[in-house]
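Contents: one structure, followed by commentary.
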Amino acid sequence: MSPCLCGYSGGFMIDMKFIRENAELIRKNLQDRGNKLNLDELLGMDEERRKLIKKAEELKFKRNVDSEKIAQLKKEKKDADALIKEMKEIGDEIKKLDGELGVYEKKVNDMLLLIPNIPDPSVPVSTDPKDNREVRTWGKKPEFDFQPRPHWDIGEALGILDLGRASKITGAHFAIYKGLGAKLERALINFMLDLHIDKHGYKEIWPPILVNRGCITGTGQLPKYEEDMYRCDLDDIFPIPTAEVPLTGFHKDEVLEEKDLPVYYTAYTPCFRREAGSYGKDTRGLLRVHQFDKVEMVKLTKPEDSDAEHEKMVQNAEEVIQLLKLPYRVILLCTVEIGFSARKCYDLEIWAPAQNRWLESSSCSNCGDFQARRLNIRYRKKDGKTELVHTLNGSGIALARTFAAILENYQQKDGSVIVPDVLKPYMGGVDVIK
RNA sequence: GGAGAGGUGGCCGAGCGGUUGAUGGCACCGGUCUUGAAAACCGGCAUUGACGCAAGUCAAUCGUGAGUUCGAAUCUCACCCUCUCCGCCA
């Protein structure tokens with residue numbers, strides 16, 4: 001294993017063996033995900049790599065044996081010059097082979113980091129997003145005796161949202177919350193955190209929101225999605241696109257105790273996304289801003305528990321929306337839609353009546369051992385052996401679209417917005433924003 | 001940013017050019033003893049890769065990378081991280 005320049009030190013070589021032995025499975029996975037990676041190129045480079053390993057290792061064996069002979073000769077005060085001369089030549093040859101080998105290892109590793117996780121059998125196989133499966137819906141879409149207005153109109157009119165002025169201080173696609181809008185955002189954050197901490201048993205973490213390349217390569221956003229991230233070039237660190245990165249990377253290179261699993265973490269953080277490739281899409285209001293707030297949930301579990309823990313996590317996210325009394329649906333994503341690191345993913349979408357559409361507000365993924373392998377997070381079992389943990393992450397939930405959904409679902413004819421009951425204690429007695 | 005000290009197996013901690021993948025302790029697993037447990041004693045206990053049906057053989061790994069050497073945990077250089085002191089700063 002030779003770590004790449006970024007300080008990434010995960011155990012990706014395990015992957016290569018699996019890929020070699022399950023080439024067709026991987027090929028199908030790439031196809032199902034609509035991924036164009038050239039698997040044959042990878043397999044070919046791996047074969048070259050292994051040939052070089054074999055050659056180099058044979059020579060190293062000889063070097064080790066003869067070095068011991070030299071030590072023995074010297075001990076007996078005998079002449080070892082001839083052998084030393086021969087070893088010098090072998091040493092040069094080894095160096096040459098290792099150099100070649102390094103080139104292939106780097107190529108293989110670079111490509112391995114681009115192989116996505118293998119979906120769970122319960123995931124619908126399709127390259128068409130239409131084949132996402134609606135699992136359940138909750139709540140009733142509100143009916144208005146007036147034409148409901150979109151959140152950007154409501155927010156601007158109430159003076160709680162400023163969607164234009166941010167271009168003066170940052171650029172397009174950034175939002176400013178003002179007055180009771182800022183307070184509502186803060187109320188949502190606190191409400192969600194308290195729910196997950198006090199009722200669902202998560203431990204609150206307040207992490208760095210700048211992360212290094214190794215950590216974010218471990219969670220899988222790199223190397224594939226580098227253009228979607230902001231980067232601090234001078235230090236090669238990145239503002240996080242989601243708190244999943246620091247929360248999952250928290251235990252990088254650690255061996256956990258079995259009795260300590262599962263681990264539940266939650267954190268509020270802002271999230272930063274360049275949204276490259278989506279210019280002109282959802283440009284209005286809060287739908288696709290480059291900085292948004294999110295409360296995130298992360299779990300580290302034993303492999304046999306991850307599916308059940310995943311379902312529980314989805315319910316934890318659903319409860320947020322239920323308590324806010326917003327209509328939503330749960331979607332099981334098909335193969336082309338699930339994230340790079342995920343083997344199964346549910347999206348929660350909240351109804352936005354003025355736009356007559358669903359807004360994706362949470363994504364709950366089971367990543368299996370994919371991230372754990374890249375981050376080298378294991379746990380020690382009763383028999384003393386170590387095994388990779390499973391990692392899960394889910395939004396609990398994303399704020400911007402929830403904020404938008406509240407404005408649209410709770411709007412009244414006079415332009416005011418009723419504060420959802422559960423948020424009232426967090427709003428200092430304000431029950432209507434007007 | 002400057003000056004020092006240090007980074008060794010799950011943890012602690014020896015080693016400072018030639019069977020050292022690495023003494024020892026703790027933890028963990030198995031056993032003896034015990035009514036049971038503890039203690040004591042005995043044994044086991046790193047990871048990854050290549051080859052192999054397998055048993056296994058070989059290679060690599062002592063922060064990371066490069067160098068010196070026939071041979072490096074041990075010597076040299078660069079970088080990263082941790083700690084202490086100084087400076088700067090919210």
Side-chain angles (χ1 to χ4, degrees), chain A residues 1-21 42-43 45-109 112 206 208-218 232 234-237 249-261 263 300 369 372-389:
Chain A
M1 190 199 309
S2 67
C4 64
L5 299 168
C6 58
Y8 170 71
S9 63
F12 33 65
M13 297 316 291
I14 313 164
D15 275 351
M16 192 59 241
K17 196 171 179 181
F18 181 85
I19 288 163
R20 199 187 306 143
E21 287 164 5
L42 173 61
L43 291 169
M45 288 190 306
D46 174 53
E47 200 168 330
E48 276 311 306
R49 173 185 143 265
R50 282 184 297 148
K51 275 185 198 160
L52 285 167
I53 286 174
K54 213 177 162 196
K55 267 199 209 165
E57 286 192 351
E58 278 164 11
L59 288 176
K60 282 175 186 172
F61 178 48
K62 183 165 169 51
R63 179 177 67 184
N64 289 345
V65 170
D66 287 355
S67 286
E68 220 164 292
K69 274 188 207 159
I70 291 171
Q72 192 61 35
L73 287 171
K74 292 219 166 184
K75 222 183 221 167
E76 294 166 7
K77 309 271 186 210
K78 287 182 185 165
D79 177 51
D81 289 355
L83 204 47
I84 287 176
K85 186 162 175 278
E86 192 189 341
M87 284 305 99
K88 219 169 210 164
E89 282 164 21
I90 285 187
D92 289 343
E93 202 167 334
I94 289 172
K95 202 165 280 181
K96 193 176 141 234
L97 284 171
D98 275 346
E100 278 178 58
L101 183 58
V103 173
Y104 279 97
E105 300 237 281
K106 173 142 179 34
K107 281 188 193 167
V108 167
N109 290 340
L112 277 180
W206 203 280
I209 55 175
L210 292 173
V211 295
N212 63 37
R213 192 173 275 275
C215 180
I216 201 162
T217 301
C232 307
L234 205 55
D235 299 292
D236 202 37
I237 53 180
F250 189 83
H251 288 292
K252 186 177 192 296
D253 294 320
E254 288 183 26
V255 178
L256 306 173
E257 293 300 326
E258 181 167 7
K259 66 174 168 54
D260 295 332
L261 295 177
V263 173
L300 273 50
D369 63 11
R373 176 173 295 114
R374 292 163 77 107
L375 286 164
N376 188 28
I377 306 174
R378 294 165 293 156
Y379 75 103
R380 187 170 302 280
K381 300 199 288 184
K382 286 205 178 67
D383 62 8
K385 294 246 188 295
T386 59
E387 188 166 322
L388 294 168
V389 300

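A, B, ... follow the sequence lines: proteins, then strands. Residue 1 opens every chain. Everything numeric in this text was worked out from a predicted model, so none of it was measured.
- Separating the P atom of B:G10 from that of B:U48 is a span of 11 Å, rounded to the nearest Å.
- Proximity of A:Val263 to A:Val389: side-chain heavy atoms (C-beta onward) are nowhere separated by under 4.5 Å.
- Straight-line distance between the C1' atoms of B:U47 and B:C33: roughly 36 Å, to the nearest whole Å.
- The separation of B:G4 from B:G9, taken at their C1' atoms, amounts to 29 Å, rounded to a whole angstrom.
- For the pair A:Asp253 CG and B:U47 P, the computed distance is 16 Å after rounding to whole Å.
- Rounded to whole angstrom, the span from the CD1 atom of A:Ile70 across to the C1' atom of B:G71 amounts to 7 Å.
- Within 4.0 Å (heavy atoms only), A:Lys74 reaches at least one base atom of the nucleic acid.
- Comparing B:G25 with B:G44, their P atoms sit 13 Å apart, to the nearest whole Å.
- In this structure, A:Glu105 places its CD atom 15 Å from C1' of B:G65, rounding to the nearest Å.
- Distance check on atom P: B:A73 versus B:C86 gives 39 Å, rounded to whole Å.
- The separation between A:Asp235 atom CG and B:C80 atom P is 10 Å, rounded to whole Å.
- Contacts of A:Lys95 with the nucleic acid, taken as non-hydrogen atoms under 4.0 Å apart, involve only primed sugar atoms and P, OP1 or OP2.
- Within the model, atoms CG of A:Leu256 and CG of A:Leu261 stand 5.5 Å from one another, a figure rounded to the nearest 0.5 Å.
- Considering only side-chain N and O atoms, A:Arg378 lies nowhere under 4.0 angstrom from the phosphate OP1 or OP2 of B:U48.
- Using a 4.0 Å cut-off, some side-chain N or O of A:Arg50 falls inside it from OP1 or OP2 of B:C51.
- Of the candidates B:G49, B:G18, B:A59, the closest approach to any side-chain atom of A:Phe61 belongs to B:A59.
- As judged by a 4.0 angstrom heavy-atom cut-off over every strand, A:Arg380 is placed among the base-contacting residues.
- Residues A:Leu42 and A:Met16 form a side-chain contact, since some pair of their non-hydrogen atoms from C-beta on lies under 4.5 Å apart.
- Close to B:C70, at under 4.0 Å from its OP1 or OP2, lies a side-chain N or O of A:Lys88.
- Under 4.0 angstrom from either OP1 or OP2 of B:C51 there lies no side-chain N or O belonging to A:Lys17.
- When each of B:U47, B:C70, B:G49 is scored by its nearest atom to the side-chain atoms of A:Ile53, the top-ranked nucleotide is B:G49.
- Computed from coordinates, the A:Leu112 CG to B:G49 C1' distance equals 13 Å when rounded to whole Å.
- The neighbour count for A:Glu47 CD, taken as heavy atoms of other residues, nucleotides or ligands under 6.0 Å away, does not exceed 12.
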Exercise. In dot-bracket, 5' to 3', how would RNA chain B read with Watson-Crick or G-U wobble pairs under 3.5 Å, [ ] for crossing ones and | for pairs to another strand?
Worked result: ((((((((.[[[..)..(.....]]].(((((.......))))).((((((....)))))).[[[[[..)....]]]]])))))))....
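- The gap from the P atom of B:G21 to that of B:A46 amounts to 15 Å, rounded to the nearest Å.
- Nucleic acid contact class of A:Leu83 (heavy atoms, under 4.0 Å, all strands): none.
- Of the candidates A:Glu258, A:Glu387, A:Glu257, A:Lys381 forms a side chain to side chain donor-acceptor pair (under 3.5 Å) with just one, namely A:Glu387.
- Using P as the reference atom, B:G52 and B:U68 are 34 Å apart when rounded to the nearest Å.
- Out of B:G18, B:A60, B:C58, the shortest distance to the side chain of A:Ser67 is found at B:G18.
- Comparing B:C70, B:A50, B:A60 by their closest approach to the side chain of A:Lys60 singles out B:A60.
- For A:Glu257 and B:G10, a side-chain-to-base donor-acceptor distance below 3.5 Å is absent, hydrogens and geometry of angles not being considered.
- Between A:Asn64 and B:A60 there is a side-chain polar atom (N or O) within less than 4.0 angstrom of OP1 or OP2.
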